[in-house]
Amino acid sequence: MTTRKSGTPVEKAIDQFLHSLRQRNASAHTIKAYTGDLENFAAHIGSRNWRTIDHLTIRGFLSHLYEKGLGKTSVARALAAVRSFYRWLAQEGVVEQNPAALVSTPKLPKKLPRVPTIEEMNTVLDGQMPEVAAFPERDRIMFELLYG
């Protein structure tokens with residue numbers, strides 16, 4: 001945990017927020033990702049006052065992330081971190097409104113599942129069913145029906 005002895009009010013609040021996430025046993029991956037995202041946010045904000053940070057400022061931050069070459073999923077995660085941070089700030093009574101709630105999440109591409117090839121399905125259907133299969137004939141027919 002990085003504790004800043006001096007820093008902007010935003011940086012200090014971020015440290016407290018991350019500390020509260022650790023106390024609530026948040027995932028180590030979440031904490032690591034949020035740390036990076038919120039440090040970028042603090043760097044973008046600089047020494048601004050809470051009252052001057054609005055939804056346009058947050059949209060500017062997201063634009064900055066796009067300019068750095070981040071993809072939509074990374075930008076969406078950064079926005080989720082900022083939203084969560086502002087939700088915590090509101091609970092703590094630091095801010096009255098969550099300006100991040102007014103920013104729309106980037107549209108993420110929807111990926112279709114990969115369909116097995118005919119050769120892959122033939123390999124499965126022609127191969128031996130596992131010994132633990134209670135009804136191997138039924139299972140083979142179900143695979144064939146689902147693939148069809």
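Only this structure's heavy atoms are used, side chains among them; waters, hydrogens and symmetry mates stay out.
Counting all heavy atoms, side chain and backbone alike, Tyr34 lies closest to Ala80 at OH-O, 3.9 Å. Of all non-hydrogen atoms in Pro99 and His55, the two that sit nearest each other are O-CB, 3.3 Å. Between Ala13 and Leu89, the shortest heavy-atom contact is CB-CD2, 4.0 Å.
Linking Ile, Leu, Val, Met, Phe, Trp and Tyr whenever their side-chain heavy atoms come within less than 4.5 Å leaves Phe135 and Ile141 in two separate clusters. When the side chains of ILVMFWY residues are joined at heavy-atom separations under 4.5 Å, either directly or via intervening members, Leu102 and Leu56 end up in two distinct hydrophobic clusters. Met142 and Leu145 fall into different hydrophobic clusters, where Ile, Leu, Val, Met, Phe, Trp and Tyr side chains are chained together by heavy-atom contacts under 4.5 Å.
Looking at Thr123, its side chain does come within 3.5 Å of a backbone N or O of Glu119 through a donor-acceptor pair.
Note: Ser104 OG to Leu62 CG = 9.0 Å, rounded to the nearest 0.5 Å.
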Report task. Go through the steps for Asn98 and Phe85 under the test side-chain contact (heavy atoms from CB on, under 4.5 Å), then give the verdict. Result -> CA-CA 9 Å; Asn98 181 352; Phe85 175 55; over 6 Å; no

Query - Criterion side-chain contact (heavy atoms from CB on, under 4.5 Å) on Glu39 and Ile14, from CA distance to verdict - result: CA-CA 8 Å; Glu39 284 176 356; Ile14 288 171; 5.5 Å; no

Requested in this report: Starting from the C-alpha separation in whole Å, work towards a yes-or-no answer on side-chain contact (heavy atoms from CB on, under 4.5 Å) for Phe61 and Leu65.
Outcome: CA-CA 6 Å; Phe61 168 63; Leu65 294 178; 3.7 Å; yes

**Report entry** Steps toward side-chain contact (heavy atoms from CB on, under 4.5 Å) verdict (Thr57, Arg48)
**Finding:** CA-CA 10 Å; Thr57 306; Arg48 292 187 197 177; 2.9 Å; yes

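Note on Arg87 versus Glu92: no salt bridge recorded, every NZ/NE/NH1/NH2 to OD/OE distance being 4.0 Å or above.
Atom CD of Glu96 is surrounded by 12 or fewer heavy atoms from other residues, nucleotides or ligands within 6.0 Å. Annotation for Glu120: atom CD counts as buried by contact number, over 12 foreign heavy atoms lying within 6.0 Å. More than 12 heavy-atom neighbours from other residues, nucleotides or ligands sit within 6.0 angstrom of CG on Leu146.
Residues Val95 and Ile53 form no side-chain contact, since every pair of their non-hydrogen atoms from C-beta on lies 4.5 Å or further apart.
Legend: ring pair (Phe, Tyr, Trp, His ring centres under 6.0 Å) pairs involving residues 88-125, not counting sequence neighbours, sorted by first then second residue: Phe17-Trp88. Residue pairs meeting the salt bridge (Lys or Arg N to Asp or Glu O under 4.0 Å) criterion with at least one partner in residues 57-83, sequence neighbours excluded, are Asp37-Arg77.
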